[in-house]
Amino acid sequence: MQGKYVSKNIEKKWQEYWNKEALFRVKEDVRFPKFYCLEMFPYPSGRIHMGHVRNYVIGDVIARYKRMNGFNVLHPMGWDAFGLPAENAAIKHGVHPTKWTYENIDYMREQLKKLGLSYDWQREVATCDLGYYKWNQWFFLKMFEKGLAYRNASRVNWCPSCETVLANEQVIDGKCWRCDNVVTQKELEQWFLRITAYAEELLNLCDTLIGWPEKVIAMQKNWIGRSEGVEVNFKVAGIGEKIRIFTTRQDTIYGVTFISIAKSHPLVSELIKDRDIINKIELLSEDPEKKEGVFTGYYAINPLTGDNVPVWISNFVLREYGTGAIMAVPAHDQRDFDFAKKYNLPIKVVIVPENSYKLQVTSYKKTVTSYELRVTSKENSTNSLLKTRYSSLPLDSSLIAEAYEDEGILIDSGQFSGLSSKDARERIADFIEVKGFGKRAINYKVRDWGISRQRYWGTPIPIIYCEKCGVVPVPENMLPVILPKEVTITGKGANPLSTVIDFINTECPKCKKPAKRETDTMDTFVDSSWYFVAYCLKDRNALSVMRNELNENILDSSLITHHSSLSYWMPVDQYIGGIEHAVLHLLYSRFFTKVLRDIGLLNIAEPFQNLLTQGMVIKEGAKMSKSKGNVVDPDYLIEKYGADTVRLFCLFAAPPERDLEWSDQGVEGAYRFLNRLWGLVYKYREALDVKGKGGNTQIDASRLTPYALRLLRKTHQTIKKVTNDVERDYHFNTAIASLMELMNEAIAFDILEPGDERVLNFCIKNIILLLSPFAPHFAEELWANLGGQQSTLNEPWPRWDEEMVKEEEIELVVQINGKLRGKITIPVGLREEAIKEKAFQDLKVSDYIKGKSVKKVIVVKSRLVNIVTG
RNA sequence: GCCGGAGUGGCGGAAUUGGUAGACGCAAGGGACUUAAAAUCCCUCGUCAGCAAUGGCGUGCCGGUUCGAGUCCGGCCUUCGGCACCA
C-alpha cells in the first residue's frame, strides 16, 4: 500500500477494472427487486459542466447504494443529440452536424467515465441514431392513426433568430427559451400532437405523484390549467348567427354589457365587410397591456336578460382559449372594466360583498384593496327581497374605480338575486342547460403540442403529400425516413431539407405517382419524451446504431418484442434532473407514457415514480455561465484532486434539492478528509483485514473495555445514520458528516488491548463500505489493500445492530422553567421517579429552586427534565 | 397580481416526532514541528459582560399557543423561483 493518497494512481485503474469485470452491466434477475435509476440525459454540447456532474453524481450514489442493497439496478446514460447547436456549428465552422455531435458524445462519454459513474454503457442511446429516431416516426404514425397527430394552419410562435416555430411551453416571457430573442407570430401549416386529449388524465394523475416535489406538481397543474364554467350562445340580432362564449363566472351574467371576440374569430371575416372597420382591426395593438377594440356594428342578445349588447373585437381576447369570445362584465372583471372605461361602455354591478348584502348600497368607494360599502340609512329589511332593495339604487358607475372580482351576493340578477356566487353558478348553469342556451364546459390552458420545426438536425416527419391522395403517412414497413446526410446548411431562408431534391421527391405510397415529402423535422422534445423506455431494452449493441447507417438496427424489432423488459423496468423508480424541466419535458414524457400505454407498449400510466429536482451549482452567488466567467472546469478538478474529491464535495456542500455554492476551499476540505482517512488506514495497514479479525465475525461486546465499546457503538450508530440519511430524501451531506465524525473518533483511538484491534478493524471496514457510493475509486483501493476479494459494489450494504446503537448511559438536561440549568448522567431505563430524584439532587439545580415552590416536573424520556416553579 | 420555496455564526450547512440551537466542513486567530515556507498536528471560535466560574441575549420582524418554539398558529418584512390578459 502506498503511503500517500494519489488519485491518479488509482482512479484509472479501477475504472478499467469495472469495465473489464462488466460490473455495471444490468442484470434482469426476477428473484431480486428492480430499481430503475435515471438522470436526465444531456445535450452533447461538447463538454460536461458542473451542473451535469452534480446531477450524475447524485444518481450514481443512489444506483450504487441500491446495488449494495440487493437490487437489480438499471442505470443508463444517453444523449439528447438532435437540436440546433449542431446546426449552428455547421454554419459557423462548416462541420457536419453528424460529425460534430458524435465527436462531442465521444468526448463527453469519456468525461463521465472519468467521474466513475456506474452506467451500463451497453444501453446507451443517442436520439440522432437512426435506430432511435425511427421510433419517433413510428410513434408519430400511431398517433396519426388514432387522430392524436394532426395538421393545422395556425398562428404560431416564431423565433426569427432560430428561424423556427416554438411550442407555447418554449416561449418564456415572450422570448425564445433557447436564444432569448423576442418571439413573433406567424401563420404556418403545422403538425400537432393532441396532448389536450390527455389533459384531464394528466391533471388527475398529478395527485398520484406522491414521490414528486410539490412545487413541480403545482407547476404541472398550473400549466394544464383546468377551468370549469359554461358555454352560452348569444344570438346576433338581426341575422342568424350565434356567438358562443365561455365563462367561469356565469354568476355575473346579468352584468354583461358587451361581448368581446378575438381578432381572428371566424365571425369577423364572415360579418365584417366594411373596409374602415377591417383597417381598424388590423391596427389593433399587439401589446396586450393596452386594451384596444373595434365595435363591429352588431349587437348580441343576452339569453337570460334579453338585453341587446354591442359586439366588440378586442385585442386581448385569445382565439385559442375557450371559444375565442367572451361575455364582458366590466363591474366584475378588471380587463373588461378597463375596456369599458376606455370606450365609455356601461358598467352594471351585479355582485356585492357578502357581509354587506343587508346594507343599502349607495356608492362604491375605492379603498386600498377593495370597495367599501357605505351605509347611509337603515331600514328594517329583514324580509324584503334583495332585488327590490337594490334595483332601485342609482349606482353611479363613475364612482367605481375598479372591478369587484371576488365572490359575493347577487343583486339585480332576476330570479337569482340574493344567491351567493357559488350557489348562483350552479343554479344559472342548470338554467342555461334546461333552457338550451348553452351547456357546462371545461377548458384547459394547455394547448396541443406543435412539433414541426423548420430545421435540419431532427427527426423527419414521416408524411408524404400527394396531389391525388392528399396527406399520406409513410407506411410502417418503409420506416425509417432517413435524414439525408448531403445537405447545405446556411441558417438562412428555407428549411434545409426542402433544398434536398432526392429527399423531397418520392412516390405516393398509395397511388405510386410522384409525390413530395414533408420537410419539417420534429421538436427535439419528442426525442426525450420516451428515451427512458428505450433504455429498458436488452441485447442491444449500442455502437451498431451509433453511426447513422442503415444496417444492423437493433432497436428495430426490440421495442415491440421486448415487452416483458418494458414491464419489468418501468416505471423509473428515481428520476433526477434540473427544475428547469418541471413543465416541458416532464409533461411531454407523462403524455407520451399514456399514449404508449394506449398503444399497448406499456402497462403503466406514469413514467417517473420519484422525482428529485436538484438545485443549481452557483458560484459567487450566480449560476455558472461563460458570460459571467465563473465556471469551474470538471476536467481540471479531476486532474488536480481526482473524481472522488469532486464527487464528495458536490454531495457534502448542500443537500441535493438545494442550490450548491461552489467553494474552492470546500473542495480542499473534501480532499483533506480523504487524505486523513488514507493516512489512518495506512497507519494500521498491517493490523487490518476486512475479511477477518472481526471483519465479518461478531464482536463480543461484553468482553470489551468501555473505551473500545464506545468506538464500536459509534460505528453501529454511524451505519444507522448514513443509511437513514440516504433513505430520507438522499441527504448525503449529513451522511458524509457522520462518516467524518466516525473517522475523527477512529483517528483518536489507540489500540491498547487485544480486542481493540478487532473493533478498529470493524470500524474502518464499515467506513470504507459506507463511503464507497460517494467515493468509489478510493473505497475500492482501500478495500483491496485490506484484503477485500471483490468490488465493494458486490459487498452487501453494512447493517447495524439496534442493541449496539443504544447507549447505556445518557446525559439528561435539567431545565428550570424551560431554561437549561444543569445536566445529569443516568443509566438508560431509569424510572421516572428516580430521574426526578436525581435531578433535584444536582447541586446547581437545588441551588436554583431553593426557596421556590415546585409546581410541576416534566420528564421527557431520554431527553430532559423540566422543573416548573411558582 | 396568483402559485410555490427560502430566511439559523464570518461562510456552506446541521438540529429526523415541539425537548441541550450551531453537528460536520470552510474561513479566521493562537500554538507545535521546520533554517524557512508548504503540508501536517494541537487549541480557540454566535454575541455581550466577566480574570474566571458563570450569567444575559440570540434562528428575518411582531404577537399567540405551550412547562418548553428554529420547529406549531395568526399577522407582516425580505428574497428567490414559476405563471401571468386563460375569461
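All values below come from the heavy atoms of this structure, side chains included, with hydrogens, waters and symmetry mates left out. Chain letters run A, B, ... following the sequence lines, proteins first, then strands; residues in each count from 1.
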Intra- and interstrand pairs of RNA chain B - dot-bracket, Watson-Crick/G-U under 3.5 Å, | marks other strand: (((((((..(((......[....))).(((((.......))))).((((....))))..(((((..]....))))))))))))....
Sugar-phosphate, base or nothing in reach of A:V317, heavy atoms under 4.0 Å: base
A:K215 side chain near B:G5 phosphate (N/O to OP1/OP2, under 4.0 Å): no
Short N/O separations, protein against nucleotides 10-14 of chain B, under 3.5 angstrom:
from: B:G12; atom 1: O2'; to: A:A653; atom 2: O; distance (Å): 2.7
from: B:G13; atom 1: O3'; to: A:N733; atom 2: ND2; distance (Å): 3.4
from: B:A14; atom 1: OP1; to: A:N733; atom 2: ND2; distance (Å): 3.1
from: B:A14; atom 1: OP2; to: A:R658; atom 2: NH2; distance (Å): 2.8

A:E200: salt bridge (charged side-chain N to carboxylate O under 4.0 Å, His left out) partners, not counting sequence neighbours: A:R226
Polar atom pairs (N or O), protein with nucleotides 53-57 of chain B, under 3.5 Å:
from: B:G55; atom 1: OP1; to: A:Y848; atom 2: OH; distance (Å): 3.2
from: B:G56; atom 1: OP1; to: A:R821; atom 2: NH2; distance (Å): 3.2
from: B:G56; atom 1: OP2; to: A:R821; atom 2: NH1; distance (Å): 3.4

Sugar-phosphate, base or nothing in reach of A:V868, heavy atoms under 4.0 Å: sugar-phosphate
Report all interatomic pairs (protein N or O, nucleotide N or O of nucleotides 68-73 of chain B) with separations under 3.5 Å.
none

Report all interatomic pairs (protein N or O, nucleotide N or O of nucleotides 26-32 of chain B) with separations under 3.5 Å.
from: B:C26; atom 1: OP1; to: A:R672; atom 2: NE; distance (Å): 2.9
from: B:C26; atom 1: OP1; to: A:R672; atom 2: NH2; distance (Å): 2.8
from: B:A27; atom 1: OP2; to: A:R672; atom 2: NH2; distance (Å): 3.4

Parallel, tilted or perpendicular, as decided by the 30° and 60° cut-offs, for the rings of A:F258 and A:W312: perpendicular
Residue list, salt bridge (charged side-chain N to carboxylate O under 4.0 Å, His left out) with A:K855, at least two apart or on another chain: none
Nucleic acid contacts - residues 318-326 of chain A versus RNA chain B, non-hydrogen atoms under 4.0 Å: A:L318, A:Y321, A:I326
Pair A:E228-A:R425, salt bridge (Lys or Arg N to Asp or Glu O under 4.0 Å): steps then yes or no: CA-CA 10 Å; A:E228 250 176 69; A:R425 271 202 298 277; over 6 Å; no
Toward the 5' end of RNA chain B, by each residue's nearest nucleotide, A:N724 or A:I736: A:N724
Qualifying residues under side chain to side chain contact (heavy atoms under 4.5 Å, CB included), relative to A:M624, sequence neighbours excluded: A:M50, A:V617, A:K619, A:N630, A:V631, A:V632, A:W662
Over all atoms of both residues, closest heavy-atom pair of A:V446 and A:A199: CG1-CB, 4.1 Å
Sugar-phosphate, base or nothing in reach of A:N744, heavy atoms under 4.0 Å: sugar-phosphate
Pairing residues for A:R319 by the side chain to side chain contact (heavy atoms under 4.5 Å, CB included) criterion, not counting sequence neighbours: A:A262, A:S264, A:P266
Check ion pair A:E292-A:K263 (N to O, under 4.0 angstrom): no
Partner set under side chain to side chain contact (heavy atoms under 4.5 Å, CB included) for A:Q2, not counting sequence neighbours: A:N9, A:W678
Note: A:R249-A:E405 ion pair, threshold 4.0 Å (strictly below): no
B:A69 versus B:U78 - spacing of their P atoms, nearest Å: 28 Å
Selection from B:C67, B:A23, B:C41 that lies nearest to any side-chain heavy atom of A:A737: B:A23
Atom-to-atom span, CD1 of A:I747 to C1' of B:U40 - whole angstrom: 12 Å
Given RNA chain B, 5'-ward residue of the pair A:E214 and A:R249, judged by closest heavy atom: A:E214
Side chain to side chain contact (heavy atoms under 4.5 Å, CB included) involving A:S663 - partner list, sequence neighbours excluded: A:F649, A:Q665
